[in-house]
Amino acid sequence: MRKISLILLLSCPALLYAQKPVQYVRPVIGTEKMGHTYPGATVPFGMVQLSPDTDTIPYEMNGKYNPDVYKYCAGYQYTDRTITGFSHTHFSGTGHSDLGDFLIMPTTGPLQLNPGTADHPENGYRSRFSHDNETAEPAYYKVKLDDHNILAELTATNRVGFHQYTFPSGGDAHIILDLMAGIYNYDNKNVWTFVRVENDTLVTGYRQTNGWARTRTLYFAMTFSKPIKKYGHRNYANDVYKGFWRKFNQAENFPEMAGRNLRAWFDFDAKAGEKVQVKFALSPVSTEGARRNLAAEIPGWDFEAVKQQSQDAWNKELSKVAVKTILPDDLINFYTALYHTYLGPTTYMDVDGGYRGIDQLNHTANGYTNYSTFSLWDTYRALHPLFNILQPQRNADMVRSMLEHYNQSAHKMLPVWSHQGNENWCMIGYHSVSVIADAIMKGNIKGYDAMQALEACANTARYKPYDGLEWYMQMGYVPEDKNGSSVSKTLEYAYDDWCIAQVAQKLGRQDLYDEFIKRSTNYRNVFDPSTGFMRPRLSNGEFRKEFDVLSTHGQGYIEGNAWNYSLYVPQYPAEMISLMGGRKQFTSHLDSLFTMHLPDAFFAETEDITREGIIGNYVHGNEPAHHAAYLYNWTDAPWKTQERTRMILGKMYKPTPDGLGGNDDCGQMSAWYLFSTLGFYPVCPGSTEYALGSPAIQSAAIQLENGKTFAVETVNQSAQNVYVKKVVLNGKTLQRPFIRHEDIMNGGKLVFYMDRKPAR
């Protein structure tokens, strides 16, 4: 195949920004099967994610969890053939969900307020569509709604979604605002909704929900490009008490709408071929805040200008890495992965800095951007370390946001998994600690006090009521008979404790260093030498007798089994290898991970992993073993890291809708791809060291915020030459397969000499 590349002029770094990598991004990658990405319009780290939703699957049926809902964590499944509408908030790549706020759908013909069904969309407001008539680009989405013969186009700024609907036939045009719709919906999710028609073009309101975030309120301001002809709503809640509002006919042309389950409609006279535009601004604080956001970000009605402005923002961020690849598909994979890493965390504040905190009070972010959507069990591993290279200022603001969360917390804990003014406590560990430690250890201390951050980390790690921590502190491990997923928790707590110790040592807090460096060795307490695996231990000190090293269910692990999780000692890889029998035995053990066969019974217990996300017993579709392929660098066979990483890149990432082997998990899967494609990876965030692998590009230039450029080049690169003969950093041959963070941030050139045969 012919080679495709971006022009690199390393002697003039400013020219790196002249490229337009937006053209290589495919937002549909990961929208099929388990990737859980969305194809709609957003800007880098944007608060609005305006995207189509393709079904109305409920979270529960007959009082039980409905497993089909899992496919719709991002609201969109590529294999669906109908669209229910376009909502303004979405997660990218998560394994649980919420959001899907303020769904808008344009229709023609008789007014229908129910969404209909996928089999019979004509019975509701949803519409059939074809991927042949669908376009998805960064900050732009377009689709033809076949049932209504409407062309829908979407773009967005940080806080405002911009809709443009072309009605080819003219006549009555309906814009439906569904305030009942949502992702992971159930009957009582909506707490309250309110809509106020301010005048013939402006509508404001809010929605309060109880879901993954149990107390979430989001405000909006919606304005139309032409006057409303008439409007109305229907309240689907069966409220016993309705007060004295019955004296009004509230169903039509009444300027206040309130209730738990509302669907509103707005009618317009549309000429043939006319475009009806809608601007929809969000605010976490108030409708007045939403109106200010609207006026600040999209004051006019030039859809193409807003689209261009937002795509320019994408080009600026994506151009921070300019690459030359072996194949065209590699270029698409690279820039789509970089795009996915910039979808979150998301901005969570108005243009004036106002936001709603987890204490449910209004706060102001002074001098920094407040962020939300912290999927930390996933993103501490590679996403935030990537930001310390590509987005250090933003990452420092994310740390500041975490510290403000801590200050507002009734528990005085850093976030575990937080979004939109709520802590949802999803997953395990206290990995804000890792993100903060990684930033401090790499010198990214901007706008926050490092010593205060250390205190917040230590206090979080001592909060006894949290997830087995009291037992962990008392016994040195989490006992399985007292708290589930005990091995995973013990291992992850020990790693986080090591992170705290590193910061304490750097800041001269010997007392905290002594406390947490001791805790960091607790991984030893769950290692069973008789099996060679980490194993659940009971409160009486004995290992649990029932133990299946392949099973992921009830074995003391979460999203992994003993084979994968036993490798999770990123803070002490050499000690772990020694514990498991030494380099030679460990190498054979690691080989087995990638080559063994899992029985079909394994998949019966997993919701989010299929065979596409697994190589042997190596589960790339979940995060706990993301560092595993790099562990060969601590053995006598680092060439196997090179072999394995190139294999994983080829198998787990493809430029197709089903091209991700698992949930993208708020960018973690994509961050792994980016690091590994560039040839180095942060095995242990909180350390300043990166393990080398096998770069899958011909060359790359990273434009750093400090004005310097770090270049990665390969000599004799090809799809077959996956092995590294030698590595030269700034003219000096490396003696170990590692580089340091300062090597990158100081700028310079890293050259890999590739070969078809391993350098044994």
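- Annotation for R81: atom CZ counts as buried by contact number, over 12 foreign heavy atoms lying within 6.0 Å.
- A donor-acceptor pair is defined here as one N or O able to donate and one able to accept, closer than 3.5 Å; no such pair exists between the side chain of N261 and the backbone of N190.
- Two residues are said to be in side-chain contact when any heavy atoms from C-beta on lie closer than 4.5 Å; N133 and V143 fail this criterion.
- Salt bridge status for R292 with D352: present, with a side-chain N to carboxylate O gap under 4.0 Å.
- Ring-centre distance between H233 and Y231: not below the 6.0 Å cut-off.
- For the 3.5 Å distance criterion, the side chains of T201 and N199 qualify, holding a donor opposite an acceptor.
- No donor-acceptor contact under 3.5 angstrom links the side chains of W301 and S225, judged on distance only.
- Contact check on D101 versus R216 returns a salt bridge, with a Lys/Arg side-chain nitrogen under 4.0 Å from an Asp/Glu carboxylate oxygen.
- Atoms CH2 and OG1, on W192 and T217 in that order, are 13.5 Å from each other to the nearest 0.5 Å.
- The shortest distance between side-chain heavy atoms of M257 and V197 falls below 4.5 Å.
- Y125 contributes no side-chain N or O that, together with a main-chain N or O of G85, makes up a donor-acceptor pair within less than 3.5 Å.
- A salt bridge links R126 to D55: at least one charged side-chain nitrogen sits closer than 4.0 Å to a carboxylate oxygen.
- Under 3.5 Å, the side chains of E134 and Y141 contain a donor-acceptor pair of N or O atoms.
- Counting only N and O atoms by type, the side chains of D378 and S375 include a donor and acceptor under 3.5 Å apart.
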> Could you walk me through whether F220 and Y206 pass the ring pair (Phe, Tyr, Trp, His ring centres under 6.0 Å) check?
Replying inline: CA-CA 6 Å; F220 73 88; Y206 68 85; 8.8 Å; no
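- With ring centers used as reference points, F162 lies under 6.0 Å from F303.
- In terms of modelled atom types and a separation under 3.5 Å, the side chain of N293 and the main chain of V351 share a donor-acceptor contact.
- Salt-bridge check for R128 with D146: failed, with every basic side-chain N at 4.0 Å or more from each acidic carboxylate O.
- Taking the centre of each ring, Y219 and F102 stay at or above the 6.0 Å mark.
- The structure places CE of M47 at 11.5 Å from NE2 of H88, a figure rounded to the nearest 0.5 Å.
- Remark: side-chain polar atoms of T336 are paired, donor with acceptor, to backbone N or O of R26 under 3.5 angstrom.
- For S87 against D53, the heavy-atom pair with the smallest separation is OG-OD2, 2.6 Å.
- When every heavy atom of P168 is checked against every heavy atom of N149, the shortest pair comes out as CD-O, 2.7 Å.
- Put simply, the side chain of D359 gets close to the backbone of L361: a donor and an acceptor are under 3.5 Å apart.
- The heavy-atom pair separating A139 from T155 by the smallest distance is O-OG1, 2.6 Å.
- A donor-acceptor contact shorter than 3.5 Å links the side chain of Q49 to the backbone of H90.
- Between the side chain of Q420 and the backbone N or O of A213 there is no donor-acceptor pair closer than 3.5 Å.
- In this structure, H419 has its ring center under 6.0 Å from that of W212.
- Using a 3.5 Å distance cut-off with no hydrogens or angles, the side chains of D664 and S670 do pair a donor with an acceptor.
- A donor-acceptor contact under 3.5 angstrom links the side chains of Y70 and N663, judged on distance only.
- With contacts defined as side-chain heavy-atom distances shorter than 4.5 Å, the pair M34/L660 does not qualify.
- Looking at E297 and K279, no side-chain N of the basic residue comes within less than 4.0 Å of a carboxylate O on the acidic one, giving no salt bridge.
- Note that CZ of F86 is 8.5 Å distant from NE2 of H163, once rounded to the nearest 0.5 Å.
- Remark: the T54 side chain and the Q77 side chain contain no N/O donor-acceptor pair separated by less than 3.5 Å.
- Using modelled atom types and a 3.5 Å distance limit, the side chains of T373 and T346 yield a donor-acceptor pair.
- Put simply, the side chain of N370 never gets that close to the backbone of M349: no donor and acceptor are under 3.5 Å apart.
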> Do Y59 and Y65 pass the ring pair (Phe, Tyr, Trp, His ring centres under 6.0 Å) test, and can you show the C-alpha distance, the side-chain angles, and the key distance before you say yes or no?
Replying inline: CA-CA 6 Å; Y59 178 79; Y65 170 69; 5.3 Å; yes
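- Within the 4.5 Å cutoff, the side chain of M427 has heavy atoms near those of the E559 side chain.
- Interatomic distance, CG of D68 versus CE of M61, reported as 8.0 Å (0.5 Å rounding).
- Of the options Y184, W417, Y38, Y76, a ring pair (Phe, Tyr, Trp, His ring centres under 6.0 Å) to F91 is made by W417 and by none of the others.
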>> If you apply the rule salt bridge (Lys or Arg N to Asp or Glu O under 4.0 Å), what do you find for R394 with E317, and how did you get there?
In response: CA-CA 12 Å; R394 276 195 170 96; E317 298 302 330; 3.5 Å; yes
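- Checking N422 against R214 by side-chain atom types alone, no donor-acceptor pair falls below 3.5 Å.
- Two residues are said to be in side-chain contact when any heavy atoms from C-beta on lie closer than 4.5 Å; T157 and S310 meet this criterion.
- No donor-acceptor contact under 3.5 angstrom links the side chains of Q311 and Y140, judged on distance only.
- The side-chain heavy atoms of L113 and Y236, taken from C-beta on, include a pair separated by under 4.5 Å.
- Separating the OG1 atom in T107 from the CD atom in Q112 is a distance of 7.5 Å, to the nearest 0.5 Å.
- Between D98 and K189 there is a salt bridge, since at least one side-chain N of the basic residue sits less than 4.0 Å from a carboxylate O of the acidic one.
- The shortest non-hydrogen separation linking S97 to I183 is OG-CG2, 3.2 Å.
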> Going through the distances and angles, do K654 and D329 end up as a salt bridge (Lys or Arg N to Asp or Glu O under 4.0 Å)?
Replying inline: CA-CA 8 Å; K654 296 180 175 62; D329 285 357; over 6 Å; no
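- Of all heavy-atom pairs spanning F268 and K226, the tightest one is CE2-O, 3.4 Å.
- Ring pair F248/W245 is tilted by interplanar angle, where 30° to 60° counts as tilted.
- Judged by distance alone, the side chains of T117 and D119 never bring a donor and an acceptor atom under 3.5 Å apart.
- At a threshold of 4.5 Å between non-hydrogen side-chain atoms, the residues L376 and P415 count as touching.
- Taken from OG1 in T42 to OH in Y342, the straight-line distance is 14.5 Å, to the nearest 0.5 Å.
- Scanning both residues, S418 and S372, for their nearest heavy atoms gives O-OG, 4.1 Å.
- Look at R263 and D178 and you find a salt bridge, because one of the NZ, NE, NH1 or NH2 atoms lies within 4.0 Å of a carboxylate O, short of that distance.
- Looking at heavy atoms from C-beta onward, L318 lies in side-chain contact with V25 at the 4.5 angstrom threshold.
- Side-chain contact, E623 with Q668: no donor N or O sits under 3.5 Å from an acceptor N or O.
- No donor-acceptor pair under 3.5 Å is formed between the side chain of H340 and the backbone N or O of T37.
- Panel note: side chain Q23, backbone K20; a donor-acceptor pair is recorded below 3.5 Å.
- Judged purely by distance below 3.5 Å, without hydrogens or angles, the side chains of S283 and D350 pair a donor atom with an acceptor atom.
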